[in-house]
**Q** 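The structure's right below; bear with me while I get my questions together.
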Amino acid sequence: MTRSLIRELSEKVGERVTVRGWVQTVRDQKRMQFVIVRDETGLAQAVLGKDDPPGELNDAVSALTAESAVTVTGTVVADERVKLGGLELKLDALQVDSPAEPELPVAADSALDKRIDWRYMDLRRPDRRLIFEVQTTAEHAMREFWRGDGFIELHTPKFMGSASESGAELFKVEYFDREAYLAQSPQFYKQMAMAAGFGRVFEVGPVFRANPSFTSRHDTEFTSVDVEISWIDSHEDVMAFEEAWLAHVLTVVKQTHGPAIEATFDTELVVPAVPFPRVTLEDSKTMLREAGHDAPGAGHDLDPPSERALSALIREQHGHEFTFVTDYPTTVRPFYHMRHVEDPTLTKSFDLLWRGIELTTGAQREHRYEQLMAQARDKKVDVAPIQYYLNFFRFGAPPHGGFGFGLTRLLMQMLGQENVREVTFLYRGPHRLEP
RNA sequence: GGGGGCGUAGCUCAGCCGGUUAGAGCGCUGCCCUGUCACGGCAGAGGUCGCGGGUUCGAGUCCCGUCGCUCCCGCCA
C-alpha cells in the first residue's frame, strides 16, 4: 500500500490508508487504545477498541514505545470528538519498523549541548524541521535572484596551499607529503572569477575558521554565502545589490513561512524597506556617544555591545532593522579593501548589521596591481605565498567588490533563535566534532 | 586565550548556616480506568551528587586541582 502523508488525510475520509512515521504518544486504556503518529507533515491519531481478552493487535499497541518508527494502516474516519483535526485512523494493522528504547536520552527542554549529542532526535520536532524548511526556501530565493541577475555559481576549492589572509585562524591539514589549509573564505577565488571575466558570481559553501570562539554566534565550520560583482563604481553598488537581494529573500520567506514562523518562534519577519540606512563607522560612534553609550575609540571596530546599541538606535530613528556601517579604517580591514581617494586611511567597505548582529562584511576590492602591492606592503603582508592571487590583477582586472554573508546568522535572526547551533544541522566548534 | 555561571535519577530541576535515610515533576515498570487527546488514579524501580585530593567527628553543601558545559569579551560571518 502506498504511503499517505498525514497532511493529506482530510481528503481521504472513508479510505483505507497507510501512514508511516514515529510514535508520539500511546494512550492505552481499558477499552480503547490511541496512538498518536507523527510524520514530517503532521500528527494523526490512530484508534483501536480493546478486545477482552486483548487481541494480538491490542498487545502490539500496548508494547509500543514513544519514537518507534512504525507503519500503521486503517480507515480514515471523521469524528468530531477528536481534537487533532477531527480525524482518526481506525487501526487494523501495525508494523513496528524499528522500535525505540523506552527511555529517551533527550527532551525538547534539554540543554542545547545534550540535544546536539542526540541531534537526530532533536530534529524530529516539527519546530526544528521548520528551521531547515526556511533555510531551503531562503537559499532558493537567493538563487532565484542571482539567476535573474546573470550570476554564475562557483564551487571553489576548500584546500589551499597558503593562508588567504592572516595565518592565525587557519586549520592546517596533512596533504600527502606537505601541509595544506582549509579555506577560511572563497575570497581570493571569487576575485579570480572577476579576473576571468565571469562578471557576477556567488557561492554557497563551507568555510573553516580555527578561532577558539565560545559564543552563541561562532562556529569553526559554517556555510558562507559569497557574492562578487564586476564593473562597480564603488562599494555603494555592492550594498545596493545586497539590500535588494536580501529584501527579496525575506519577502519570499515571509510569504512561504511567515505564519508558521510567527506561530512557532513568536518572531515577526519584517520585510525591510530599501534602501537600508547607512552610517559611517565614525558617525555611528558619534551617534552612540550622543545617546549615552560607550563606543570604541578611533581605529577600532564596533564591539558587540555597541553593535546592538547601534541597531537599537537605528530602529528608533529610522524604524529599520538593518544597518550598513561603512568606511572602516584600514587598521581593521584587510589589505585588499580599496581605499578612499579623499582619505586613504579609510576603506570603501561596509558591514551589515541585522538586529544587532553582524551578517556581512563587504567592500570594493583594490583591482590595480601596483596599488594592491603597495597596500600589501603597507599592511606588512608577506606577498610571496599569495603571488598567485596578486597575479590575478596583472592582466586586466575589472573594478569589483562583493561581500561574505553568514547563512546561519541570517537564519538565527530570522527565527529568533539565540544560538547559531540551533540553526546548524550539525554544529562544529572547538570542542565539538561529533556527531 | 581572559572573565562570569553551571555540573545532583533517563530528562528538567530543588536541596537553607556542613548533620545522620538525597527530593520533586516528567519519563520508565506494574496494576486500575467506556473515547483519550498535556488523559486520570494507585504502587514501584531508578543516584559513584562530573572526577581527584583536602578540611572536618561528619561534605551534594566548604577549600584546592582537574574535566566538561554555558554565556560574555577578544576574533569574526
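Order of the sequence lines sets the chain letters (A, B, ...), proteins ahead of strands, with each chain counted from 1.
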**Q** Looking at B:rC71, I'd like to know if its phosphate oxygens (OP1 or OP2) sit under 4.0 Å from a side-chain N or O belonging to A:Arg421.
**A** yes

**Q** For atom C1', what is the distance between B:rC62 and B:rG3, given to the nearest Å?
**A** 23 Å

**Q** Under 3.5 Å for both donor-acceptor distances, Watson-Crick or wobble: does B:rG18 have a partner, and if so which one?
**A** none

**Q** CG of A:Asp113 versus C1' of B:rG5: gap in Å, rounded?
**A** 15 Å

**Q** Taking the same atom, P, in B:rG58 and in B:rC71, what whole-Å distance lies between them?
**A** 40 Å

**Q** Does any nucleotide pair with B:rG58 by Watson-Crick or G-U wobble geometry, both distances under 3.5 Å, and what is it?
**A** none

**Q** Do A:Ser216 and B:rC71 have a side chain to base donor-acceptor pair shorter than 3.5 Å?
**A** no

**Q** Taking A:Tyr328's backbone N and O only, do any of them form a donor-acceptor pair with A:Thr347's side chain (distance below 3.5 Å, no angle check)?
**A** yes

**Q** I'd like to know if A:Arg81 pairs up with A:Glu88 as an ion pair, taking the criterion as any Lys NZ or Arg NE/NH1/NH2 lying under 4.0 Å from an Asp or Glu carboxylate oxygen.
**A** no

**Q** So does A:Asn419 get a side-chain nitrogen or oxygen closer than 4.0 Å to the phosphate oxygens (OP1/OP2) of B:rC71?
**A** yes

**Q** With respect to the side chain of A:Asp109, which nucleotide from B:rU36, B:rU12, B:rC73 is positioned closest?
**A** B:rU12

**Q** Of all the choices, B:rG35, B:rU34, B:rC76, which nucleotide is nearest to the side chain of A:Glu307 once you look at every atom?
**A** B:rC76

**Q** Keeping the roles fixed (side chain from A:Lys114, backbone from A:Ala107), state whether a donor-acceptor pair exists under 3.5 Å.
**A** no

**Q** Reckon A:Gln33 touches a base, only the sugar-phosphate, or nothing at all at heavy-atom distances under 4.0 Å?
**A** nothing

**Q** Has A:Thr361 got a side-chain N or O lying under 4.0 Å from the OP1 or OP2 atom of B:rA77?
**A** yes

**Q** Nearest to the side chain of A:Arg217 - B:rC75, B:rU34, B:rU12?
**A** B:rC75

**Q** Within less than 4.0 Å of OP1 or OP2 of B:rG35, is there a side-chain N or O belonging to A:Gln29?
**A** yes

**Q** Between A:Arg365 (side chain) and A:Gly402 (backbone), is there a donor-acceptor pair under 3.5 Å?
**A** yes

**Q** From B:rG1, B:rC75, B:rU12, pick the nucleotide closest to the side chain of A:Ser110?
**A** B:rU12

**Q** Select from A:Ile116 and A:Ser224 the residue whose nearest nucleotide in RNA chain B is closer to the 5' end of that strand.
**A** A:Ile116

**Q** Let's test this: given Watson-Crick or G-U wobble pairing with both distances under 3.5 Å, identify the partner of B:rU36.
**A** none

**Q** OP1, OP2 of B:rC28 versus side-chain N and O of A:Thr65: anything below 4.0 Å?
**A** no

**Q** Please determine whether salt bridge (charged side-chain N to carboxylate O under 4.0 Å, His left out) holds for the pair A:Glu221 and A:Arg428, giving the CA-CA distance in whole Å, both sets of side-chain angles, and the decisive distance to 0.1 Å.
**A** CA-CA 6 Å; A:Glu221 174 179 353; A:Arg428 285 290 178 265; 5.0 Å; no

**Q** Check whether any side-chain N or O of A:Arg308 sits under 4.0 Å from OP1 or OP2 of B:rC73, and answer yes or no.
**A** yes

**Q** On a whole-Å scale, what distance lies between the P atoms belonging to B:rU61 and B:rC16?
**A** 11 Å

**Q** Decide, for B:rC17, between syn and anti: a glycosidic angle within 90° of 0 counts as syn, anything else as anti.
**A** syn

**Q** May I ask which nucleotide in the shown strands pairs with B:rC69, Watson-Crick or G-U wobble, both distances under 3.5 Å?
**A** B:rG5

**Q** Counting side-chain heavy atoms from C-beta on, which of B:rC72, B:rU36, B:rA77 comes nearest to A:Asp219?
**A** B:rA77

**Q** Taking donor-acceptor contacts at under 3.5 Å, does the side chain of A:Lys114 reach the base of B:rG68?
**A** no

**Q** I'd like to know if A:His431 reaches the base of B:rC69 with its side chain, counting only an N/O donor and acceptor under 3.5 Å.
**A** no

**Q** Starting from P on B:rU36, measure out to CG on A:Leu48 and report it in whole angstrom.
**A** 16 Å

**Q** Using a strict 4.0 Å threshold on nitrogen-to-oxygen distance, state whether A:Glu67 and A:Arg38 make a salt bridge.
**A** yes

**Q** Between B:rC76 and A:Arg409, counting only base atoms on the nucleotide and side-chain atoms on the residue, is there a donor-acceptor pair under 3.5 Å?
**A** yes

